[in-house]
Amino acid sequence: MLAYIIRRLFYAIPILIGVNLLTFALFFMVNTPDQMARVQLGDKHISADAIEEWKSQRGYDKPLFLNTADDSGGLLTDTIFYEKSLRLFVFDFGKSDEGRVIGEDILERMWPSLALALPTFIVGILVNIIFSLFIVMFRASLFDTAAMIFCVALMSISGVFYIFAGQYFFAKLWHLVPISGYLGGLDAVRFLVLPVIIGVISGIGGGTRLYRTLFLEEAGKDYVRTARAKGVSELAVLFRHILPNGLIPILTSVVVVIPSLFMGSLLMESFFGIPGLGSYTLNAIWAQDFAVVRSMVFLGSVLYIIGLILTDISYTLVDPRVRLS
Amino acid sequence: MNSQTPLLQVTDLAIELLPAEERPQPQSLLREVSFEIRRGEILALVGESGSGKSLTSLAIMRLLPDVLNICAGRVELDGRNLFALSEQEMNSVRGRRIAMIFQEPQSSLNPVQTVEQQIGEVLALHQNIRGQALTEKVVALLEEVGIPEARQRLSWYPHQLSGGQKQRVMIAIALACEPQLLIADEPTTALDVTIQQQILQLLDSLRRQRDLGILLITHDMGVVNAMADRVAVMRHGDILEQAEVQSFFRQPVHEYSRMLIHSLPDRRHFLPASQQPPLLEVDNIQVWFAQRKGILQRIAGYTRAVNGISFTIRRGETLALVGESGCGKTTAGRALLNMEPLAGGQIRFAGERIDTLSQKAFKPLRKRIQVIFQDPFSSMNPRMSVREILAEGMVALKVANDPQELEQRMLALLEKVGLEAAHLDRFPHEFSGGQRQRLAIARAVAVEPELIICDEPTSALDVSIRSQVLGLLRNLQQEMGLSYLFITHDLSIIPHIAHRVAVMKDGILLEQGDTQQVLTAPQHAYTRSLLASVPEPIATA
Amino acid sequence: MIKPVVLWSDVLIFILVAFMAAFFWHLRSRPLTLKRWRSVFHSHTGVASFVVILFYLLIAVTDSLHYRLPLDKIEGSDDVHYSQDVRSLLDDILHDLNSLDETTYSEPFSLYSFAKINMQDDSGGVYRDYPRLASAGSHLQTEEDIHADIVQRSVWGLALGLMISLLIIVPHWLWRRRYAAQSSVPWVTAYLTLAALICLSAWALLLGQVYHIFGTNQVGGDVLYQSIKAIRTGVLIGTLATLLTLPLAVVLGISAGYFRGWVDDVVQYIYTTLNSIPGILLIAASVLLIDVYIETHPDDFQLVAVRADFKFLALCFILGMTSWTGLCRLLRAETLKVSQLDYVHAAQAFGVSHARIIFRHIMPNVMHLILISLVLDFSVFVLAEAVLSYIGVGVDPSMNSWGNMINEARAELSRDPVVWWSVSAAFALMFVLVLAANLFSDRVRDAFDPRFH
């Protein structure tokens, strides 16, 4: 098990290097440091000196990959790639183009993101499992068909619509919650209720349908027939046999996103004015702050890879058949 | 309770498939099925796949899937009509009065529950036993069905048990509440022959100890002969014939029953050994699969699937390679086709070494060595027509070049294997299992090979089809002078086809020799146990 | 004469239509696949949703026949100059809708503007009131006639729609009675859906000539026209995003599963790496870079339409890049399974080449995965477009799209009273398309996914 995890962590290194190379190439092949300086300085007629100054201040005045001019062993290290990308491996995110320390920003904004994403995630899964079990209980009936059509309809509605409708009715018309904003501590609850509800509702259609399929797949297996032949009642078959087996693919499939919950949701956070990492990223995109975007890409990849490893571990925890080697 | 009334009485049972979107009419699957089972009696319900025997058993338990409907008939257990019970009342019959075991012990046990939980569930449900008493009862049951070290195995999960042990656990679940009737639906089909015999013996002794009525569903006439008191033969949803087992084998009434009985081996006639020169010489070949371990995935050891076997096949001769699942016989076959790399040994074909050839250099030999697979449903691409399937090999190996010649050859082939020219533009799913296997044979002989590796070509077929396909293989052998390597686990068909036999276990050959010699005077204990588990030949009048 | 303009996305949509036609033609000789498709079209939802999708597709195709109109000749010159404005056939069909220009917001069917402006009365005094719209309802004698007029035009529109429907349906019904009586396709459902769509179109066209059915937007443009024009964007993004990266997924997925070994390692590395980058960040970063590229290469994009089209295709490609890995992984797993089947071994025993085995044995037997992911992803991408446009990394603002309409809604919904019609129209048209696509993909999945049998 430990050997397995160590091996997986080793595998993660080439993947993260790949991610870095890719984002680096994306940013610098098309968008040279000169152009970045122009965009940031925002003036069409800008002097070459000003550009050079901007670049040297932010460390963009070095070669991209190979510093052939440097004889003192900086061939690979005294480059933009090394300075800007490989530093990320020790979680040294550097400064944003605005001059703020990215690492501190991330630590500060992580918590509001989590406060929104975690309840949405947990409540969402619980609601979907309960709904799908309920539907499976009445499988192959008219209720089943109606519920499925309802789910498809829910899935077909744009997520933005739920946000608009929720804000309009709950906040604007009925004044139950604030439209947007965020406060620390317990006050956060008031601001989070609506986005959590909306997040859960917008996921019901797809989630319920998927889980129903998984439960139905289990319901068709031979061991369920064995349980019925034992004289186990239909309800007990559902809860004692189908549910535990159906939960295995459900739990293991959601584990991968758990670490990424830190990253927050771009859409929700920006609509509800929650100062998390999602809106942080979005602001960086709007401001074309590549230092921040690159850091977030790296962070996202790291969390995803952790998610993959957690998925494998979760298999061993919930499924007695699986052993890692 | 009146001992005169039968334990189970099934009267005029009929089942239909309910109409669906694409099929407006209901389809009748079972008609007027009637039989009875007395206490302590084994009734064998015999039939081939699709005959409706499993449906009958599920209908007795009222466990039919929703699309199937019981449209007529009665099922009485001790005089009580099961169809009149509420679902709740029925639940107190299932598992307590009637229990059931299934064909696939692999999938019939809940994979995430321990052995104790699964056996305990039925005890807690019907007898309300809890706690320590429950554990003790489970241990006693496991010991009764012959699981060694029962107490340690309580916390095991199904995947940790062998196939035979799983079926024993299934039997323990079924017998936990001392039911009066046991329905055993092909209980040994998925098991190896030696295990098969043990499970049947277990069932037989339990029935004597507990005065248990058993409905034994099977397609295997040997099992019927060894186990049953009475027989009912089913085909296409009808019961053709019911009789006491002795009179059934002595004087079968129905033509179909006669055919089933004759599918059993006749161990008195053997094929004479061939005197032709050797075609294939296999010398001490080994096939190993690497096992990787640790952080760096270094090769830690090898699974020796084939660990040094040697045999020779002469021209026009059939060598049967016999063994149970996992003994390496299929891997050996694949090695001959240059589909697995050898870890050691030599293969000579017509005097020349072929094991060192590259894929490209091996290509001319593909015309000379062909293969037929076990499952006629996966051995043909479902999206290709018969024409495309037959032509593929001939085109790839340049056997026939112009379209006209190709067409002529294909027609001749179809005739040779007993199919018609009209079949050329059909697709595999339009054929029955037996017809598909004929097509697979036609595809193999299309390139006029000298050696065909037959990997269990008949084990997926019903018994009545089996002998036809074996007959076809034998005819082709005589006609074309073919040699066969006949890989099988089924000793009963060997006298029909093989000149010589090699017995394989755990990657090595235990013994080989002429068929008559191996079958009548086996040298090795394992061969003897294999033979002992094959049903006795039937003396027909 | 007019000068045809062929945008790259036009080419792709025509290739797509041709491919679909060829595919269904090819099906005739493949009984197994045909049987699956039959079961798709045997259900009411399958047929109805297919008709709706076809209807949207038809609109997208007519909106993809682009041309430029000639400008009036400059005196003394024989050169013909063409307008910078690229029009499509759909623009001409909807000409009446588009010609009612107002100056700012107005409610559906309203005769007055939504915002008060300063006006002068007869005596020269200034007062604030809602001004009368310039063109909507200008044919009315008195304003009280409006309800009667709407009813009358609705009746005419529906009658016209019914007539056109009958003209299409009756001949087909007669032909079917004669030649294809045994069909079990629920044709009545198809007819009803078709008739409903035609009636709705006729009604909308007839009323749209004189009213703004869905009101007008900030600059006084007709919202109905806008949201119909957005159909092309939606349909294209739904299909092209998958299709543009499909070859990548198919080639890599199948070779990884078939050849295994180092090929498999490389492919797995590629898709894990791509997958680990948060999709929306990859899209955002790429779109920003495309903007930069367009800015720095102004010579290549002289027409607004060409620029928008380039950006659109790039967006489709990027969307595809974030999603092909899923299909690739499925294809790899299925190929691993299929290449272990006996018929592949049999082909290998005949010495059939790898390329032939892949094309004849593997591809046809993993095709259902490609099909299922194609129809499943369609609605995902249509919905994604709305979100991306909101984030500011969607299609070009000059392109009509539901996402752009929803993006504007942020300001519109914070007004008091709210401007609700523009965003509602976008949601409604999008909902119908996505619902149809979801229902259809359900049927396709039921028919083709072996797990559902």
Side-chain angles (χ1 to χ4, degrees), chain A residues 11-12 14-19 21-23 26-27 29-31 35-36 39 148-149 151-153 155-161 164-165 167-168 172 179 205 209 213 216-217 260 263 266-267 270-271 278 281-282 284-286 288 290 293-294 296-305 307-308, chain C residues 45 268-270 272-282 284-293 295-296 379-380 382-387 389-393 402-403 406-407 409-410 413-414 416 418 420 423-424 426-427 430-439 441-442 445 451-452:
Chain A
Y11 284 161
I15 290 170
L16 289 176
I17 290 176
V19 168
L21 270 175
L22 193 75
T23 39
L26 260 180
F27 287 135
M29 294 299 156
V30 184
N31 196 23
Q35 283 162 349
M36 279 168 61
V39 171
M148 276 308 100
I149 290 175
C151 281
V152 174
M155 278 171 69
S156 308
I157 295 171
S158 168
V160 188
F161 176 84
F164 283 160
Q167 280 189 333
Y168 182 75
K172 204 164 175 179
I179 289 187
R209 228 166 57 113
T213 315
L216 280 184
E217 205 175 315
S260 307
M263 299 285 289
L266 262 63
L267 204 60
S270 102
F271 264 103
T281 315
L282 195 57
I285 293 171
W286 281 336
Q288 304 212 0
F290 288 130
V293 174
R294 214 169 45 235
M296 296 309 290
V297 168
F298 182 77
L299 191 62
S301 310
V302 171
L303 293 174
Y304 175 78
I305 289 166
L308 286 183
Chain C
T45 44
Q268 285 200 59
Y269 171 74
I270 292 174
T272 317
T273 304
L274 267 176
N275 239 359
S276 71
I277 300 177
I280 204 147
L281 285 181
L282 189 65
S286 313
V287 170
L288 290 182
L289 295 170
I290 290 158
D291 283 342
V292 173
Y293 180 83
E295 257 172 57
T296 47
S379 44
V380 173
V382 175
L383 291 176
E385 189 267 331
V387 174
S389 295
Y390 166 74
I391 294 176
V393 293
W402 294 316
I406 290 168
N407 192 14
R410 206 170 197 205
L413 289 178
S414 56
D416 204 26
V418 291
W420 50 269
V423 65
S424 307
F427 278 136
M430 188 158 75
F431 175 71
V432 172
L433 176 62
V434 174
L435 184 66
N438 274 336
L439 289 173
S441 68
D442 258 17
R445 206 179 42 171
R451 284 191 309 160
F452 288 81

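All values derive from a computational prediction rather than experimental measurement.
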Residue pair A/Ser158 / C/Leu383: nearest heavy atoms and the distance that separates them: CA-CD2, 3.6 Å
A/Leu308, part contacting chain C, at a heavy-atom distance under 4.5 Å: side chain
C/Phe431, CZ atom: more than 12 neighbouring heavy atoms under 6.0 Å: yes
Which atoms of A/Thr281 approach chain C - backbone, side chain, both or neither, heavy atom under 4.5 Å: side chain
Winner by heavy-atom pair count (cut-off under 4.5 Å) against chain A, out of C/Pro278, C/Ala436, C/Ala284, C/Ala437: C/Pro278
Listed partners of C/Ile280 passing side-chain contact (heavy atoms from CB on, under 4.5 Å), at least two apart: A/Leu266, C/Leu388, C/Ile391
Structural part of C/Ser379 lying under 4.5 Å from a heavy atom of chain A: neither
Minimal non-hydrogen separation, C/Asn275 against A/Tyr304, with atom names: ND2-OH, 3.4 Å
Distance (rounded to the nearest 0.5 Å) between A/Ile305 CD1 and C/Thr273 OG1: 7.5 Å
Engaged part of A/Arg294 at the chain C interface, taking heavy atoms whose separation is under 4.5 Å: neither
Contacts of A/Phe271 that satisfy ring pair (Phe, Tyr, Trp, His ring centres under 6.0 Å) - sequence neighbours left out: A/Phe164, C/Tyr390
Flag side-chain contact, heavy atom, 4.5 Å: A/Val160 against C/Phe427: yes
Options A/Val297, A/Val302, A/Leu22, ranked by heavy-atom pairs under 4.5 Å with chain C, top entry: A/Val297
C/Val393 portion near chain A, given a 4.5 angstrom heavy-atom threshold: side chain
A/Met148 portion near chain C, given a 4.5 angstrom heavy-atom threshold: neither
When C/Asp291, C/Leu281, C/Val382 are compared by non-hydrogen pairs under 4.5 Å with chain A, the top option: C/Leu281
Part of A/Ser270 within contact of chain C (heavy atom distance under 4.5 Å): both
Heavy-atom pair count under 4.5 Å with chain C, highest-scoring of A/Ser156, A/Gly307, A/Pro14, A/Ala153: A/Ser156
C/Leu282 portion near chain A, given a 4.5 angstrom heavy-atom threshold: side chain
Contact leader toward chain C among A/Ala12, A/Gly300, A/Ser301, where contacts are heavy-atom pairs under 4.5 Å: A/Ser301
Side chain / backbone / both / neither for A/Ile157 at chain C, heavy atoms under 4.5 Å: both
pair C/Leu413-A/Gln167: side-chain heavy atoms closer than 4.5 Å: no
C/Val432 portion near chain A, given a 4.5 angstrom heavy-atom threshold: neither
Contacting region of A/Ile285 [heavy-atom separation from chain C under 4.5 Å]: both
Side chain, backbone, both or neither of C/Leu274 within contact of chain A (heavy atoms, under 4.5 Å): side chain
C/Ser276 side, atom OG; A/Phe298 side, atom CZ - distance, nearest 0.5 Å: 10.0 Å
